[in-house]
Amino acid sequence: MTAFGVRNSAMPILMQYLRIAIRRKWVLAGAVGIAVVLGLIATLLMTPLYTASTTIEISRESDRVVDIKGVEAESSPGDIEFYQTQYGLLRSQSLADRVVRELKLADDSKFFELFGEEKASGLFGVDAGVRNTPAGREKRSREAARILLENIDIVPDRLSRLVTITFTSPDPKLSARVANAWTANFIESNLERRFEATSYARKFLEERLRQWRERLEESERVLVAYASDEKIINLPAAGATRDGPTVERSIVADDLASLNAELSAAKGEMVRAHSRVTEVGANGAVEEALTNNAITGIRQKRAEVAAEYARLLSQFEPEYPEVKALATQLSQLDRSIASEENRIRTSLQQSYQASVARVGDLEGRVSNLKSSFLDLRRRSIQYNIYQREADTNRQLYDALLQRYKEIGVAGGVGTNNVSVVDVARIPERPSRPSLILNMLVALILGAGIGAALAFALEHIDEAISDPQEIADLLGLPVLGIVPKAATESPIEALGDRKSPMVEAYLSVQTNLAFSTNHGVPKTLSVTSTRPAEGKSTTAYAIAHALARSKQKVVLIDADMRSPSVHHLFSIGNERGLSNYLAGSEQLDELISSSSLAGLSIITAGPQPPNAAELLTGQRLEQLLTALLTRFDHVVVDSPPVMGLADAPLIASRVEGVVFAVESHGIKASMVRVALGRLAAANAHVLGTVLTKFESKRSYFGYGYDYGYGYGQTSKAES
């Protein structure tokens, strides 16, 4: 529904444009023809121009010969700013100056002649000395660079890294030379910028290296002097590297850790010795005696002697010499075992005492080292500050030194991210002018100018030329379209029942029948904006058509200033409407009959001094009321609206108003003013009748007179 509605709303606008185009077809055709002829002449007079092009590829990064980053920052693949920068460099003034210097264009007078610049600018003087002055050369160089920039074109290929460089000039060889020189100088300038960037970076880093080297040396001197003054001796920590911060360990800390470990071991030994001593005191047995080899041997010997003693004692008396000797030997062996065990007990006691003494000594030494370590920590606070400053300076110096070495390597490699894909060749055919393109442009320009002229003429011309304009401009329905009589008078045309004019007014009568709920209005007036628009003919034709339809009709000529009805019927005008409005005559004496049955006439009568004063009274309304008792319809031929008060006075007293509009003659603005006056008088305008219409002068011809002449042509041919 929406699309259909949009299409229907757009169709009237398109149709209106098409109507204007057809009506002003000669204006359009003339503008197009003149533009095409001028375009052809201009094309033939143009100097042939030749365009040479070269194609280059601009990569995001240059090929890396060494795996070391250059000075310029890396860009992301989607960074369009890089390519926009390259395109700007290709259009730069400095690049144009390089090409001018390389090709020596500033001293080439033929170059300026090709572009018509020598005489206009006065670039070359007559005297050779004047030509070779620095000011003259500088001026020619600037002018040559301007010419190059005006004729060079940079065309990036979409979605690729390719760029086409074209140069256009009247000389094909010059075009190829400039295009190739432009590409070569762009590559050279790109390399120079890279080298200049690394050269500047090297100089900058050299200065910074000198500054940081001095800072590093100063910080190290301060660190060593402070360590010497405070007697701080540190050793490098295990696993420390030169790249990272300096990691050191103090001798006091190492000694404290070693003594602390010995103290822990001595305390353990003391506890074990105390445990053995305590165990001997409680049990009387010595654990070491059980594992002592000497005691074990004695005990084994005693067991053997005891066994022999028991064997002999079973055979002899205790006083037996051998038995007695064995008893003595057993006693000696027992004393030896006891003596050895006492020695072991003494040794354990001495060992415990030694452990206690060692623990005490170690604890004293550890306590002294703790005090020394705390004092060292206190003195090392400032030392650590100096140490961190030295480490920071060393790291920065090493980083700058490494970067300086990288730049030195990367800057010496002549790589470039721009490569030539296609070199420019000498063009064989001119690129401009293009006859087809110029004709197309001329055709479009001519059509545009013609359309502008057509719309301007339409805007200036306010004449109503088409029935559709009445509805669009006036907002009134069209009751009928009356064609213009070719040769005969309108009255003669209305006498022929088969004439197009009769057919047109029959259409008006039919439309009037639908204007009210009771058919054709009982009283109606016919008026127009100005005289000679066909209102009297329309009034006569409506009355004539109603009379032919067996209706009793009276036609009143209310135009008392310029009456015309009595001329249509060839009757006198001695008595008429003015007499009745003045109150001097009876109605019956004013009504005249016509040759058509059912049609009567009331002429305008003698011209009064002021017709508007007669119309302001009640006599007109009384007349209409009286006539309706005798006739079915009353048709009033009203005066024109503009400049007179008569028409609004009459229109306010009739049931409806038919407004005659002259086709191709009256302006729409005047018609709107006239309708405004009728609206101010509360008149009911039923619609308009477009008179004197010529279908050939309308926008389309539309065939408005199709029904009017239908059948007549075929009858004539038969």
Side-chain angles (χ1 to χ4, degrees), residues 64 66-76 196-268 358-412:
R64 294 194 180 276
V66 294
D67 191 16
I68 298 176
K69 296 181 180 179
V71 176
E72 297 181 356
E74 295 182 357
S75 301
S76 61
E196 289 174 359
T198 55
S199 176
Y200 174 79
R202 283 196 300 269
K203 293 179 181 178
F204 173 77
L205 289 178
E206 286 175 356
E207 179 63 23
R208 299 297 291 175
L209 280 171
R210 183 187 62 78
Q211 296 175 2
W212 284 108
R213 183 170 59 251
E214 293 177 355
R215 292 184 183 182
L216 176 60
E217 293 173 355
E218 180 63 24
S219 60
E220 288 180 343
R221 281 195 295 268
V222 171
L223 178 64
V224 172
Y226 183 81
S228 177
D229 294 340
E230 297 295 331
K231 308 302 182 184
I232 298 175
I233 301 174
N234 293 333
L235 299 178
T241 60
R242 181 175 176 79
D243 296 336
T246 302
V247 180
E248 297 179 343
R249 55 187 180 86
S250 65
I251 298 177
V252 176
D254 289 349
D255 293 343
L256 180 60
S258 300
L259 287 176
N260 195 40
E262 292 182 10
L263 177 60
S264 298
K267 286 182 178 181
R358 179 173 174 78
V359 168
D361 179 61
L362 289 174
E363 286 179 347
R365 294 174 63 187
V366 167
S367 178
N368 293 332
L369 284 177
K370 285 182 179 180
S371 299
S372 300
F373 182 74
L374 291 176
D375 181 63
L376 178 64
R377 291 287 298 273
R378 178 183 58 79
R379 289 181 289 112
S380 296
I381 294 176
Q382 186 63 37
Y383 176 82
N384 292 333
I385 294 174
Y386 292 146
Q387 182 69 60
R388 284 193 298 271
E389 183 178 359
D391 291 341
T392 302
N393 293 336
R394 183 179 297 106
Q395 291 175 4
L396 291 173
Y397 177 78
D398 292 342
L400 288 173
L401 183 60
Q402 179 64 25
R403 187 59 175 163
Y404 179 77
K405 294 177 180 178
E406 292 177 358
I407 291 174
V409 176

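- One finds a salt bridge joining R221 and E218 here, because a Lys/Arg side-chain nitrogen approaches an Asp/Glu carboxylate oxygen to under 4.0 Å.
- The two residues A390 and S219 have their closest heavy-atom pair at CA-OG, 3.5 Å.
- Considering CD of E220 and CD of E389, their distance stands at 11.0 Å, rounded to 0.5 Å.
- Remark: T392 OG1 to R388 CZ distance equals 8.5 Å, nearest 0.5 Å.
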